[in-house]
Amino acid sequence: MAQKYKPLIFPFSALVGQETLKIALLLNAINPGLAGVLIRGDKGTAKSTAVRALASLLPEIEEVSDCPFHCHPEDIKEMCENCLERFKAGEKLPRQKSQVRVVTLPLNATEDRLVGAIDFEYALKTGRKRFQSGILAEANRGIIYIDEVNLLEDHLVDILLDTAVCGVNIVEREGISFSHPSRYILIATMNPEEGDIRPQFLDRFGLCVSIQGINELEQRVEIAKRREAFDQDPEGFLARFKMKEEAQRERIIKAQKLLGKVKISSKLLNAIAKISLKHRVMGHRADLLLDKTARTISAFYAREEVQEVDLALACELVLTHRTRAEREEREREKTAVMGEGNNQANQFEGSETKSEREAESSGAGVEQRAELRSQSASERTAQNYPGNADDFSGRAQEAFQEKVFGVGELLPISTKEIKFARDTLKRNQSGRRTATRTSNRTGRYVRATVQRFNNDLAFDATLRASAPYQRHRQKTHLAVNIQEPDIREKIRMKKTSNLLLFAVDASGSMGTRLMSETKGAIFALLLEAYQKRDKVGLIAFRGMKAELLLPPTNSIELAKRFLEELPTGGKTPLGHGLLVAYQVLKRELNREPDLLPLLIVVTDGRANVGLDREKYYEGPQFGEIYQEIYELCALIRKEPRVRSLVIDAEEKRMGSFGRSKKLAQAMEAKYYILEEMVKDQILKTIESELK
Amino acid sequence: MREWKVFPFSAIVGQEKMKLGLILNAINPRLGGVLIRGEKGTAKSTAVRALASLLPEIEVVRGCAFRCEPSLPSKLCPECQAKLEKQGKLETERVKMRVIDLPINATEDRVVGTLDLEHALREGEKKFEPGVLAEANRGILYVDEVNLLDDHIVDVLLDSAAMGINTVEREGVSYSHPAEFILVGTMNPEEGELRPQLLDRFGLCVNIQTLREPEQRVEIVRRWSEYESDPEGFAEKWRAEDEDLGKRIQEAKKLLAGVEISEELLARIANISIALCVDGHRSDLVLMKSAKTRASFFRRSKVLEEDVDACIEVAFAHRMRRRPFEEMAIDSKKIEEMLNRQSTERASGRY
């Protein structure tokens with residue numbers, strides 16, 4: 001294919017602020033052993049711009065000029081087979097210098113492009129199988145860059161994790177059996193509001209940086225000015241910063257030369273060990289990284305011996321994403337000493353939080369100072385992210401403490417009573433929640449399969465499958481002769497949304513407290529649904545019938561409005577509630593066969609109005625009404641895609657009639673008691689249901 | 001065959017904000033497109049097509065699938081680059097700007113581009129088959145009901161819109177090409193919202209409603225029936241105004257590069273962003289570019305305070321940090337207060 005289109009890139013040295021980010025990137029340019037950077041930040045904070053800008057600062061390396069894997073001409077250990085053979089045969093491998101490569105892995109990449117595949121054209125022409133290298137080959141000894149890495153398809157992440165471990169890409173597909181060296185560093189960006197990445201994947205990144213928007217007036221103005229100047233005249237702008245870029249490149253090269261000579265004292269090595277232990281970091285990787293990072297930092301500052309301040313910065317970069325589990329504990333330990341970790345422009349040379357300065361003056365040891373450094377960094381992470389999972393609990397609580405009460409016929413209730421403990425709400429990804437293989441032809445094509453389902457032809461894979469046999473097949477008027485066994489189909493993945501259908505008992509028997517607790521629970525779920533783009537529907541049953549107050553919608557705002565205005569009181573037509581729920585579910589499933597609905601019934605079970613609304617049941621006749629209720633439950637139970645949940649809103653202190661429990665059994669639904677859930681984790685429950 | 005006459009832009013009643021948003025983007029595509037939020041039947045699609053038809057012709061490389069701009073060698077697609085190197089110059093022609101519709105069930109391979117089936121079968125060679133993003137280069141990409149699109153498609157659209165480039169690594173194809181287009185998205189907020197990250201990537205956002213004034217409503221019906229019964233005559237009636245607008249846009253484009261904005265106003269913009277607690281810096285950039293663009297539209301080479309103020313709403317409507325349930329609207333009172341405060345500060349010399 002023709003060469004790539006490469007637009008002009010905003011220069012690195014023209015970036016304003018974000019010193020920590022810049023340093024993290026430069027350190028990786030100096031020392032690839034630091035294993036890359038994960039950049040977490042709000043939208044619009046120059047994450048992608050910075051990484052792309054880095055590419056032009058990267059130093060040159062020696063490589064074999066005709067090797068697709070860019071092998072080093074002398075490093076026997078890391079050479080590919082081909083280069084090794086030639087080397088052993090005494091050939092002097094042709095060499096050239098070229099810049100370290102940054103290869104972009106787009107989110108919608110397919111496996112064949114990442115891993116490599118059979119060279120279709122070559123096979124067609126010569127009838128021989130040849131490996132066509134993919135991104136993993138191109139990026140060997142270079143950098144793979146992924147934007148919005150938290151949205152990357154799971155199976156691609158798996159491939160990246162695999163190759164990370166052994167540094168070799170092993171390909172077994174389409175009749176090809178091949179392996180080649182694949183050592184690269186990952187630089188990726190993500191917006192934490194959209195969810196996090198798997199812990200194993202997180203660990204793959206050596207360093208992690210969190211960035212936010214800058215609120216300082218002058219810097220903001222400068223950012224706007226520079227961006228505009230670049231947009232209007234990119235060549236001119238680049239010329240303006242040419243000297244600075246050169247200087248930066250020089251600095252990197254000098255640092256590389258110095259790196260091997262940098263020494264670290266045993267005192268600091270001990271400090272490293274202590275810090276890692278204290279933070280209960282997994283394994284020893286962090287220790288090694290801290291050592292390497294600290295020394296690289298020294299080299300960057302042209303120092304031959306690592307200073308405390310170097311180690312402090314290293315801690316901030318290396319530990320932030322490795323000690324999540326302990327963050328809660330540290331938060332509990334924290335005192336007023338922590339102060340406001342709200343430093344925006346993170347000038348690392350000078351930025352120390354109040355706590356660090358205090359520790360400094362109180363003569364605290366090296367470890368403590370370095371530790372505080374990384375603590376405040378993760379403090380910043382925890383506090384300043386609007387969407388950070390841990391932070392969300394505080395926010396969510398605020399949200400419905402303000403909003404839940406004072407509507408309709410509710411009595412004003414002290415907000416202190418309601419606390420929905422939302423612990424670590426693991427949001428995997430934003431956007432549609434659950435990944436399903438779709439049977440219709442929608443969704444993203446992720447890979448091909450030899451199995452036949454629906455004639456959704458994967459043409460590229462089919463071509464490749466047919467390629468090796470062309471020589472032996474009869475020539476037709478077409479260049480390619482495709483036979484039945486060559487045919488490959490597409491496997492598509494689509495994140496379908498869930499439908500959270502609430503059937504809520506709004507009768508008088510649900511006390512005001514219960515009603516407000518229920519609403520609170522639903523509100524919290526709406527917040528969750530908003531991020532995940534789940535659909536939400538609301539059925540309320542009271543008086544003589546059930547009403548679909550809110551047909552399934554993505555509009556959480558509407559849902560909130562209806563919920564707020566939900567009036568209560570009257571009898572309990574539970575049966576009708578279930579019937580309406582069933583009808584809504586069927587309708588939605590017809591429309592979207594891949595939907596995964598979750599029915600959440602909130603009631604105390606005291607049904608007293610049957611489907612035949614003329615009859616009102618009381619006392620021992622409950623048995624009668626429950627006949628029809630059980631039949632309705634059976635209907636729901638028989639729907640394979642529907643999962644249900646029953647939340648028992650009965651006040652248990654008076655003893656229990658156990659009706660809701662029986663309801664749950666009849667529906668084969670999970671059963672929870674509202675009172676208990678309020679104390680524990682009501683939402684965690686439903687969260688796990690939705691997985 | 002007679003050319004189908006599009007409803008004239010100038011004949012659209014009301015919806016000044018939407019028209020402004022579209023005009024600004026037509027003058028300066030780097031604004032990042034416009035998201036139009038509103039109910040059905042509010043002239044969204046009509047306006048976009050009307051705009052496209054009054055826009056001036058553009059110069060393209062003859063025969064190029066991406067409609068490359070011959071005067072910008074740094075933005076040529078790989079084929080045009082190769083041609084330029086071989087021949088030393090490129091053949092050009094003038095064409096009208098296109099509006100490309102993105103169908104709601106578009107699949108990724110159609111949007112991004114894929115392996116050319118025919119070519120592979122016939123010649124046994126791999127060739128890139130351009131998709132919608134290629135067709136939209138240097139044109140307008142109109143995405144109706146953008147909130148109902150599959151997430152991964154929206155991601156791809158916004159990525160290209162932001163970077164101006166489409167990178168393809170799939171289905172055996174490795175290719176990249178320029179993808180600069182004016183992105184116009186529409187949606188009905190009652191059917192669900194876009195993710196905040198996607199919202200932020202739209203340059204401007206306009207909330208529109210059905211007109212409530214009876215006179216305006218009558219006028220809409222009157223004009224539309226006139227148009228339907230005689231599109232030619234109706235178009236002729238409004239031709240002069242449309243041509244004027246087209247010329248104005250052309251002139252503005254030429255003026256734009258020379259428009260200056262004072263430090264004071266830049267500071268004002270930054271202050272507004274800070275006060276409205278927006279995430280990131282896109283808002284500053286967009287507001288600044290919009291103000292400059294508006295100035296050029298009004299034939300000024302210096303940005304005035306009124307330019308900045310007129311664009312605040314369209315630049316910020318979709319960006320303010322909010323908890324998911326808050327109404328997405330600019331509190332105009334708050335802005336007034338803030339702006340007043342700033343003027344008094346300046347007056348008192350504290351600025």
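Each chain gets a letter, A, B and so on, in the order the sequences are listed, and its residues count up from 1.
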Option that, when pairs with chain B are counted at under 4.5 Å, heavy atom only, ranks first among Q232(A), E228(A), E218(A): E228(A)
Toward chain A, the part of S283(B) with a non-hydrogen atom under 4.5 Å: side chain
Nearest atoms (heavy-atom pairs only) where M288(B) meets A224(A): CE-O, 3.4 Å
Under 4.5 Å from any heavy atom of chain A - which part of E123(B): backbone
Options T104(A), V221(A), T110(A), ranked by heavy-atom pairs under 4.5 Å with chain B, top entry: T110(A)
H281(B) side chain to G213(A) backbone, donor-acceptor under 3.5 Å: no
Heavy-atom contact with chain B under 4.5 Å, split by part of Q132(A): side chain
Under 4.5 Å from a heavy atom of chain B, the part of E111(A) involved: neither
Heavy-atom closest contact (L285(B) atom, R227(A) atom, distance): CD2-CB, 3.5 Å
L121(B) and I482(A): CA distance, side-chain angles, deciding distance, side chain to side chain contact (heavy atoms under 4.5 Å, CB included) verdict: CA-CA 9 Å; L121(B) 274 180; I482(A) 297 187; 4.0 Å; yes
Minimum heavy-atom distance A270(B)-L217(A), with the two atoms named: CB-CD1, 3.3 Å
Rounded distance (nearest 0.5 Å) linking atom CG of L107(A) with atom CD of E169(B): 12.5 Å
Chain B contact via I135(A) - which portion, at a heavy-atom distance below 4.5 Å: side chain
Side chain / backbone / both / neither for L105(A) at chain B, heavy atoms under 4.5 Å: neither
D112(A) portion near chain B, given a 4.5 angstrom heavy-atom threshold: side chain
Salt bridge K289(B)-D231(A), side-chain N to carboxylate O under 4.0 Å: yes
Closest non-hydrogen atom pair, V278(B) against R220(A): CG2-NH2, 4.0 Å
Chain B contact via A109(A) - side chain, backbone, both or neither, heavy atoms under 4.5 Å: both
Neighbour count above 12 (heavy atom, 6.0 Å) for E260(B) CD: no
Heavy-atom closest pair, residues L463(A) and A120(B): CD1-CB, 3.6 Å
Contact class of I223(A) relative to chain B, heavy atoms under 4.5 angstrom: both
